[in-house]
Amino acid sequence: MGVDVRHFVVATIIVVLVTVAGAVLLDSADLLPPLASAQGVTIDWLFGIHLKLIAFLFALVIVFMLFSIIVFRSKPGDLSAGKHIHGNTRLEITWTVIPLIIVAVMGYIGVVTLRDVTASAPDEMVVEVTSAQWSWRFDYPEQGLTSTELLLPVNQPIRFEITSTDVIHNFWVPEFRVKQDAVPGAVNLLRVTPTVVGKYKVRCAELCGLRHSQMLADVRVVERSEFDNWVGAETARLAALDTPEARGEQLYETQGCIGCHSLDGTVVVGPSWLNLFGSQEKLDDGTSVIVNEDYIRHSILYPGDQIVKGFQNLMPANFGEILSEIDIKDLTAFIKSVKD
Amino acid sequence: MTYIITSLCLRDSSCVEVCPVECIIPGKPMKEWPWYYIDPETCIDCGACIPECPYEAIFEEEAVPAQYDAKGGEYIARIGLQGHYEGQNNQGDSVILDCTKQLEAGENIDLTEDIQPNYTYFTEGVGYGALDMQDEEVMASPVVEDEIDQVPEAAAVDVVEESDDQEAEVSDVEEVPEASTAGLEDLEAEDVVTIEQSHGGGVRESANEAVPTWQPPFFLTIGLVRGLLGQLFGTLFGMGLVWAIRFFMGLDEFWAAEPAWVVGAVTGTLGFMIGVGALTDWGKWMIGMQAPMVHGPPSGKPSWFRYFSVDYNHKVIGIQYTVTGILVMLVGGSLAMVFRLELVATGMQFISYGTYNSFISAHGIIMIVSILIGVGGMINYLVPLMIGASDMAFPRLNAFGYWINVPGVILLITALFVGGWDTGWTGYPPLSARAPIGVQLFFLGVYMIGLSSIVGSLNLLVTVARLRAPGMSLFRMPIFVWASISTAILQLTATQFIGLAFLMVVTERVLGMGFFDPFISEAAKAVGAPPGDPVLFQHLFWFYSHPAVYVFILPGLGIISELLPVFCRKPLFGYRWIAISSMSIALLGFLVWAHHMFVSGMNEFLRIPFMVATLLVAVPTGVKFFSWLGTMWQGKLTFPTPMLFVLGAISVFLIGGLTGLPAGTVATDLFLHDTYWVVGHFHATMFGGFVFPFFAALYYWYPKATGRKYSEKLGKLHFWLMTPSFWVQSIGQAAVGLKGMRRRIADYDPALGIENYHFWITVAGILIAISVLVCIYNLWYSARKGETAQDNPWRSRSPEFQIPSPIPEHSYPNPFEIVGEPYDYGLPGSVYVSMESDKVLE
């Protein structure tokens with residue numbers, strides 16, 4: 001066995017050892033968040049295959065490189081040249097064709113896994129996800145409910161219909177693995193079957209402006225019975241909302257106002273609603289207004305017209321399409337009621 | 001040409017008398033440019049002039065002394081010197097010349113400085129044509145500017161003292177205008193300047209009216225200073241124009257900031273380009289004036305001057321690009337330091353959400369710009385040298401391509417001060433349609449820098465296509481040239497798309513064109529306008545911005561392939577495969593853009609072809625990796641700093657490539673998209689594909705460019721600080737991404753349990769920053785104090801290492817011929833280039 005061949009064999013053995021070691025290490029490391037969806041099973045399985053491939057390719061390149069660095073380093077003062085080899089066409093074809101085959105296989109696996117992850121189920125429950133800077137709203141059309149918390153029955157295939165009222169957001173629950181952009185003017189679908197009861201968070205994964213990092217919503221995956229109870233209780237509660245203030249508070253929470261306007265005096269993005277009604281506010285054009293019904297109505301419909309000094313025009317301009325006149329009256333009543 | 005007349009010449013015409021072929025020509029303008037030239041085309045090397053010269057000013061070309069010890073008493077004539085020579089020539093005519101100085105005994109003068117003007121006078125300059133052309137364009141205008149900081153009080157006194165004599169003595173050589181005596185009564189400096197000017201003007205019959213009567217101070221002659229002033233005035237002009245138009249339109253808020261900034265940004269850029277002088281020659285051509293190509297350092301200026309002004313030498317432009325790239329990288333890196341520190345702990349420590357978002361956006365684009373500029377630096381400096389071209393095909397376009405970056409970068413930085421922008425460097429609408437005004441300057445800055453990419457790549461492609469040395473077939477080009485043309489093809493064909501996409505958002509904002517606005521107005525709906533489509537922007541954007549990634553890495557990978565054979569003393573394994581793989585990556589680069597949009601809501605079936613195309617990129621990339629391993633195998637490896645960075649690049653690029661595998665597969669990308677996994681992935685790709693090779697190239701060609709050695713010790717310190725830190729950083733980023741850390745968030749959930757990771761990522765980031773400062777100190781210090789470098793310190797076969805260090809103004813004295821393979825290390829007796837000119841002529 002010549003020196004060349006021996007070198008190659010030794011390096012190959014080390015590659016195998018490092019590959020195995022790397023794969024075991026990556027496998028045992030706790031890399032991913034807990035898994036809580038049926039779709040995530042496929043994704044984690046594929047990711048596991050990727051990690052093994054990564055371990056092999058990493059070992060292949062690094063071992064041969066380190067081997068050359070150690071074994072083929074030049075002795076000090078040695079000015080001679082290495083072996084005069086221009087290349088090896090057979091070898092080049094080999095390491096073109098084998099990766100091509102790997103790519104074909106990985107491409108096939110990619111297609112199959114994508115099919116599994118996006119497959120629809122016959123008994124899907126629809127949840128409409130509406131995102132806005134910087135809040136989430138979840139509508140349950142089948143139950144006739146609206147919520148800022150995402151409550152899901154376990155093992156129930158869900159079809160999320162995701163949209164946005166302003167900029168692009170992204171609906172992502174890391175434990176569910178999958179994510180989908182929320183694009184204004186479009187409805188994008190995402191299918192998730194939650195499989196583990198627990199509390200999670202929706203985390204906006206597309207940069208959406210100032211408070212992007214805080215654009216979160218609570219997710220609760222619960223047993224079917226608990227979900228049904230919740231639906232019943234919510235329906236009853238909504239039916240019982242007989243004052244404009246209570247309806248206004250509901251709108252405050254569900255229509256996104258809560259994302260920017262606090263009730264405790266802290267300034268988030270827009271002015272706080274605490275003691276807002278009846279106060280005198282300076283506007284950025286130097287004039288000032290008394291906050292009354294007219295001003296509130298005008299500011300909801302045309303938010304850019306009269307900006308309070310020190311604030312930016314960041315409020316969505318399409319509330320006129322979303323809210324009815326009664327909604328606006330209810331909201332105004334709620335604002336009136338926020339006092340300390 | 002064998003003989004050179006040096007600046008010891010004071011235009012005694014005895015040499016002219018004996019010259020049998022009339023090859024000796026007086027310089028123009030006669031007054032400030034006092035010595036004679038020998039026309040290399042006409043001279044027959046008879047040598048008759050040498051013994052006739054009373055000043056011993058004529059030397060053989062090779063023998064022009066760089067260390068001329070003055071005997072004392074002789075005069076030297078040089079642009080920018082103060083003082084007069086007064087005497088008679090051998091015809092008995094009295095001569096008064098400015099810009100002369102009497103040398104003291106033992107004074108040491110470098111006469112070789114004058115060789116370039118001597119040459120260029122004929123090769124790029126006006127030559128014979130000067131005798132009856134508007135000479136002020138070629139010679140006088142630099143001269144006039146040259147005198148700026150010498151608004152010469154001393155000279156003024158001379159004039160006074162000698163004015164009597166002048167009246168009497170000056171005869172046919174020059175005429176002293178009336179004004180010179182008129183102004184002598186009082187010694188107001190301005191008057192004196194006027195005298196000097198009209199005095200000089202009297203020499204040249206055609207140039208009188210062109211000479212300004214006011215000379216700007218020295219700093220105002222620096223191109224960069226004039227450019228910056230031009231940008232300032234241009235911006236103010238544009239803003240004023242907008243406000244005036246809006247005022248006369250009767251608009252209520254005529255002072256609105258946004259349209260003014262947009263127009264001001266454009267006019268400001270134009271102002272910069274006019275001010276710096278990048279458009280001057282073209283302007284002259286337009287009105288029918290001559291604007292000859294002048295090479296060489298401007299006379300009478302400090303040696304740094306040409307690097308801050310428009311210069312047409314590709315090596316100067318290459319260094320301008322490189323240094324600018326490093327400076328811009330420092331700006332972008334500093335921003336990263338700020339928000340990296342912020343991320344050490346959850347909660348907001350010392351910056352606000354808005355600042356954080358602006359900083360990550362600016363960090364992204366400023367780093368990308370620094371990479372583009374760095375790529376321009378490497379390509380401009382190296383490619384003409386490697387292919388034996390005396391310069392790029394279009395030197396003026398080359399200078400334009402460099403200088404347009406500067407106002408572009410200024411716009412990007414200004415954007416941070418006018419509200420910043422919170423869209424990331426991707427600038428997706430509708431977010432960018434409602435971001436602060438800074439986003440407009442960001443869009444327009446990128447637009448300008450994109451112009452640089454387009455003209456630069458056009459120039460490069462023409463240069464490589466037309467100006468290769470004889471014998472340099474495509475497969476005998478240095479491998480870096482292959483990488484450069486792959487990059488240039490991408491830049492030339494894709495950059496328009498980002499410019500277009502950004503311009504569409506600019507107009508959406510200022511003109512209400514709702515290209516990407518899904519909520520168009522009722523009025524627009526009423527006339528049947530369809531709503532805009534935000535996803536369309538992403539297609540346009542990524543159609544450039546994905547290939548852009550390959551624009552960054554292909555030259556870097558080319559550097560790896562270029563340097564490995566030198567430090568392995570072994571031919572590049574599979575040269576043709578590597579060359580073809582660069583082109584394949586470039587081609588595939590056009591077919592993968594939508595892998596950035598797997599979750600965007602585009603047509604779902606499109607995800608599959610884009611996934612397959614993305615995975616296919618692994619094949620040519622793999623060919624490169626395996627060929628590098630093949631090059632190292634059985635080589636004789638040595639590990640000076642450039643080689644260390646090459647090996648570091650391979651290890652880091654490997655991390656980048658492997659993390660791309662799950663990100664490029666749709667199902668796993670649904671999880672990984674817009675997480676720190678992706679952040680780790682592309683930082684590793686950028687560092688391995690560009691930053692490490694860029695540093696390798698800096699160290700490798702540093703002795704060639706400066707003629708001095710960098711400090712090997714500091715170079716290695718740089719490497720050992722940066723490389724392990726980078727491994728920690730990118731693996732840490734990938735790990736927090738898997739844990740659920742989203743991209744571009746100012747604050748993260750403590751429940752994720754990743755504060756520790758972030759701490760170490762930040763430590764690694766700081767170490768990287770320190771290592772870069774070590775590098776800059778090394779390069780800065782060694783440029784002045786480093787040991788003198790050998791011509792070929794790495795025993796390279798490449799042509800640029802066969803000529804002196806630093807490389808002369810005109811790189812190769814004679815065209816060379818390619819007579820072998822570029823990387824035949826270890827083949828006894830083989831050479832790549834033949835520098836013997838006679839061989840070329842055969």
Side-chain angles (χ1 to χ4, degrees), chain A residues 31-33 42-43 46-47 50 53-54 57-58 61-62 64-65 68-69 72-74 78 80-87 92 95-96 99-100 103 106-107 110-111 113-114 117-118 166-168 170 174 177-181 183-186 188 203 205-213 318, chain B residues 353-354 357 422-424 428 430-431 518-519 531 534-535 568-571 573-575 577 599-601 608 611-612 615-616 618-619 622-623 625-626 629 632-638 647 650-651 654 658 661-662 665-668 670-671 673-674 738-740 742 744-747 825-827:
Chain A
L31 293 176
L32 298 170
T42 311
I43 291 172
L46 179 57
F47 191 63
H50 283 152
L53 201 54
I54 287 173
L57 292 170
F58 183 80
V61 174
I62 291 296
F64 271 89
M65 189 166 99
S68 303
I69 289 173
F72 303 121
R73 69 183 186 282
S74 182
D78 180 5
S80 66
K83 199 167 179 182
H84 183 257
I85 316 168
H86 267 280
E92 297 276 2
W95 64 45
T96 307
L100 264 177
V103 163
M106 292 314 295
V111 171
T113 48
L114 180 62
V117 167
T118 54
D166 42 37
V167 304
I168 301 174
N170 186 303
R177 297 296 186 264
V178 288
K179 64 167 70 76
Q180 176 63 51
D181 274 0
V183 180
N188 293 330
R203 301 172 190 273
E206 176 67 50
L207 179 58
C208 56
L210 195 63
R211 294 177 60 78
H212 165 55
S213 61
N318 56 342
Chain B
Y353 290 140
N357 289 345
D422 56 2
T423 67
Y428 282 4
L431 183 59
F519 306 117
V535 178
C568 296
R569 312 309 301 167
K570 194 161 163 284
F573 195 93
Y575 169 95
W577 289 81
V599 302
S600 69
I608 289 167
M611 168 177 70
V612 174
L615 294 177
L616 271 177
V619 176
V623 167
F625 270 108
F626 298 136
L629 294 178
M632 283 186 256
W633 195 254
Q634 297 182 330
K636 291 267 188 180
L637 280 67
T638 50
L647 298 172
I650 295 175
S651 73
L654 182 66
L658 295 179
L661 173 63
T665 312
V666 182
T668 32
L670 295 183
F671 176 58
H673 179 86
D674 267 345
L738 292 179
K739 290 279 178 203
R742 298 162 287 153
R744 296 167 166 164
I745 51 172
D747 192 12
Y825 293 98
L827 184 65

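The sequence lines fix the lettering, A, B, ..., with proteins before strands; numbering per chain opens at 1.
At a 4.5 Å heavy-atom cutoff, the contact between A:L53 and chain B is made by side-chain atoms alone. Both the backbone and the side chain of A:D181 come within contact range of chain B, judged by heavy atoms closer than 4.5 Å.
Comparing A:G107, A:S80, A:G82 by how many heavy-atom pairs each has under 4.5 Å with chain B, the most go to A:G82. For the set A:D166, A:T42, A:V183, the count of heavy-atom pairs under 4.5 angstrom toward chain B peaks at A:D166. The greatest number of non-hydrogen atom pairs below 4.5 Å with chain A, out of B:P531, B:G622, B:P518, B:A618, is found for B:P518. Chain A forms the most heavy-atom pairs under 4.5 Å with one residue out of B:C568, B:G354, B:G740, and that residue is B:G740.
A donor-acceptor contact shorter than 3.5 Å links the side chain of A:K179 to the backbone of B:H673.
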Item to complete: Check step by step if side chain to side chain contact (heavy atoms under 4.5 Å, CB included) holds for A:I85 and B:K570.
Response: CA-CA 7 Å; A:I85 316 168; B:K570 194 161 163 284; 4.0 Å; yes
Worksheet item: Passes side chain to side chain contact (heavy atoms under 4.5 Å, CB included), A:L32 versus B:F671? Steps please.
Response: CA-CA 10 Å; A:L32 298 170; B:F671 176 58; 3.4 Å; yes
Worksheet item: Passes side chain to side chain contact (heavy atoms under 4.5 Å, CB included), B:S651 versus A:I62? Steps please.
Response: CA-CA 7 Å; B:S651 73; A:I62 291 296; 4.2 Å; yes
Practice prompt. Determine, step by step, whether A:I69 and B:L637 satisfy the side chain to side chain contact (heavy atoms under 4.5 Å, CB included) criterion, reporting the C-alpha distance in whole Å, the side-chain angles of both residues, the deciding distance to 0.1 Å, and the verdict.
Written response: CA-CA 7 Å; A:I69 289 173; B:L637 280 67; 4.3 Å; yes
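None of B:W633, B:F626, B:F573 except one satisfies the ring-ring contact (aromatic ring centres under 6.0 Å, His included) rule with A:F64; the exception is B:W633. Just one residue in the list A:I43, A:L46, A:L114, A:V111 forms a side chain to side chain contact (heavy atoms under 4.5 Å, CB included) with B:T665, and that residue is A:L46.
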